[in-house]
Amino acid sequence: MSKRAATGKRENPGNLYILPIAFIITIVPLIVYMKVVQLSPIEIKNWYGQEKYSDFFTFFKSQWLIIGTALAAVFYFVYLILKGFKFQKSIPYIPTAVYALMIILSTLLSKNRGVALNGFVARYEGMWALLCYLILMVVTINLVKTESQMKFLLSALLISASIIGIIGVFQFFNMDLFRTDFGKKLILPEIYHQMLNKVSFRFEESMIFSTFSNPNYVGSYMALVIPITFAAFLYFKKLWLKIGAGLLTVISLVSLFGSRSRAGLMGLAVSVLVALVLFRKIIFRRKLLSMAIAVGLVLMFLGVNFALNGVLIDRIISEFKQPEEVQFFDLQDITFEDKTVSIVSKTETFVIRMDDSSKLYFCDDAGNELPYDMEGMSSNAKIKFTDPKYKDYTITIDGAVLRVNQKQVQFEFAVEDEKFKLIGLNDDLTNTIEKAEYIGFKNKERFGSARGYIWSRTLPMLKDTILWGHGPDTYAIEFPQNDYIGKIRAYGTPQMLVDKPHNMYLQIAVNTGVLSLLAALALWGLYLAQSIRIYIKKMDYSFLSLSGAGIFLAVCGYLVTGLFNDSVVAIAPVFWVMLGLGFVCNGLVTGQSKKMQSVRG
């Protein structure tokens, strides 16, 4: 028997070997720096038409993710060479291997291999990024073997979360670093410093986006981080550390609430419900503290909601309340025939007709001309109709373009070769309307900020991706972007680009195949089942128990946000590292329990 086995000493690779992992979960989410990206022809066609895109939030995150993962793999192989080739066998590697195989196969078989390899514009989550996630999880499982290593990585995460949270809180109070000249100089290459006044962000002031490309992703990140910060608060014994962890939890909550992300709120809500079960004995033992935390959480939510003039509660209610009136024009069809275009709604048909002299006539479905009032000249006019049935219609004529407004809907027709044509995405002109196949969400296209529309059009796409997908990050290319009727019903305009499904599970199923989704679900299901079995029985204040439970709640929260948000390179690496740490922690807790039982025996 070796001396290590005799003494029961656990192998400890040390923190040096996991530095690249710490770099990825600490630094990568913080990177904000402009890169002018030259788009490929397929990206130009399926984007907004421009040949270049100024990326601030994603390109360099993706690049440094790949570099950091390559270093993590090198460090791991160096460790194997020095310590002997030992690969820890584990059941989770089976679905991981299947997922990796389907990522690679979907890329090789993709019609758009360049995008599948490197990712689509503004996302950059191609094959290399997806494989990085899996490599990070596997390397974490095999290199992290002790509590001290777990503390090192979790501390790194909390440092990064502190910076991201503080930036978010300043944005909430209209003191956004990135809107100042100093902040702009930090995120712009020096050659663009003379253009500081041209840099602007599409998010309204007080809305938190921190270092991410969308406030929704703040929700995903905070749903992942808050359970871990709270576990740290419970674990720390030193007063200054407990205060620090408590303050970080508050900052993270403010960032979540200030992002107005319903997905993040739902993820947090599920984490809280699961936590009530895990910590039920502690809650009953320390009722006063538990009530104080609950009241504090509610007051904080109400306070942020008050500061935002009720936006948070309104956004939550909007998910479940069916409006009495259709918010947008209930469009059914647009038909073209010779010099006539008919706009068919559920209640009426509005007809625009042009004669041989290019004079316009506006009629009802029976061909009767509609009375109207006109402002301006015939080639540059605004027309409103006096018939009560058509009073919501407004026609704006701008040369050869007719702009139709009805309630909160706007779309345009161009007159070309004496015929009407609908102006679609990237000024696409068409007089042949194609309706995309859909499943579910009929008359509920606007559910979840048009997620109902996106999901209903995405589900039929899965019949073509049962085994392998169209290729990582090719969703925008494969989505039926010419579904103009659907887009008008959902967004009020045909010129909206749908570049992501707003659902991580559909994203995987379309891009790398339903089989890869099943593999991912099996992997996550194994972890969740393992964690429930461990932490439902025993929950104490030890580092391993609290860390394991915190990571479990974090994974639960993130997977719930995945129902409404996509996987992105800013946050997904943190999730996959935490998943790896979760497996490690579960192993350590189980090993510790067996050792205790052996001692008692």
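In what follows, residues are counted from 1 in the order of the sequence shown.
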**OP:** Evaluate whether atom NZ of Lys339 has more than 12 neighbouring non-hydrogen atoms of other residues, nucleotides or ligands under 6.0 angstrom away.
**Re:** yes
Original post:
With a cut-off of 6.0 Å (strictly less than), are more than 12 heavy atoms of other residues, nucleotides or ligands near NZ of Lys463?
Top reply: yes
**OP:** Count the heavy atoms belonging to other residues, nucleotides or ligands that lie under 6.0 Å from CD of Glu337, then report whether that count exceeds 12.
**Re:** no
**OP:** Kindly say whether Gly126 contributes a backbone atom to a donor-acceptor pair with the side chain of Asn118 at under 3.5 angstrom?
**Re:** no
Subject >> Worked check of side-chain hydrogen bond (donor to acceptor under 3.5 Å, both in side chains) between Arg260 and Ser206 >> reply: CA-CA 10 Å; Arg260 311 177 197 182; Ser206 84; 3.0 Å; yes
**OP:** Please say whether more than 12 non-hydrogen atoms of neighbouring residues, nucleotides or ligands are located less than 6.0 Å from CH2 in Trp524.
**Re:** yes
Original post:
Would you call Tyr99 and Leu523 a side-chain contact if the rule is heavy atoms closer than 4.5 Å?
Top reply: no
**OP:** Take the angle between the ring planes of Tyr133 and Trp576 and call it parallel below 30°, perpendicular above 60°, tilted in between.
**Re:** parallel
Original post:
side-chain hydrogen bond (donor to acceptor under 3.5 Å, both in side chains) between Tyr438 and Asp483: does it pass, once the steps are laid out?
Top reply: CA-CA 11 Å; Tyr438 69 92; Asp483 178 31; over 6 Å; no
Subject >> Qualifying residue for ring-ring contact (aromatic ring centres under 6.0 Å, His included) with Phe362, from Tyr390, Phe385, Tyr393 >> reply: Phe385
Original post:
Please walk me through it: do Ser106 and Asn511 pass side-chain hydrogen bond (donor to acceptor under 3.5 Å, both in side chains)?
Top reply: CA-CA 7 Å; Ser106 298; Asn511 289 341; over 6 Å; no
**OP:** Name the orientation class of the two ring planes belonging to Phe575 and Tyr558 (parallel below 30°, tilted from 30 to 60°, perpendicular beyond 60°).
**Re:** parallel
Original post:
Does any donor atom in the side chain of Arg262 or Asn216 lie under 3.5 Å from an acceptor atom in the other side chain?
Top reply: no
**OP:** For Glu348 and Lys389, run salt bridge (charged side-chain N to carboxylate O under 4.0 Å, His left out): C-alpha distance rounded to whole Å, both residues' side-chain angles, the deciding distance at 0.1 Å, then the answer.
**Re:** CA-CA 8 Å; Glu348 76 279 329; Lys389 193 174 181 179; 6.0 Å; no
**OP:** Might you confirm whether atom CG of Leu273 has over 12 heavy atoms from other residues, nucleotides or ligands at distances under 6.0 Å?
**Re:** yes
**OP:** With salt bridge (charged side-chain N to carboxylate O under 4.0 Å, His left out) as the test, would you mind laying out the steps for Asp338 and Lys419 before giving the verdict?
**Re:** CA-CA 7 Å; Asp338 296 329; Lys419 291 184 178 181; 5.8 Å; no
**OP:** Classify the side-chain pair Thr474/Asn112 by whether it contains a donor and acceptor separated by less than 3.5 Å.
**Re:** no
**OP:** Identify the two heavy atoms, one from Asp55 and one from Phe59, that lie closest to each other, and give their separation to 0.1 Å.
**Re:** OD1-N, 2.9 Å
Subject >> Pairwise side-chain contact, Gln507 with Lys500, heavy-atom cut-off 4.5 Å (strictly under) >> reply: no
Subject >> Shortest non-hydrogen separation from Ile208 to Gln171 and the atoms involved >> reply: CA-OE1, 3.6 Å
Subject >> For Ile104 against Met127, the heavy-atom pair lying closest together >> reply: CA-SD, 4.1 Å
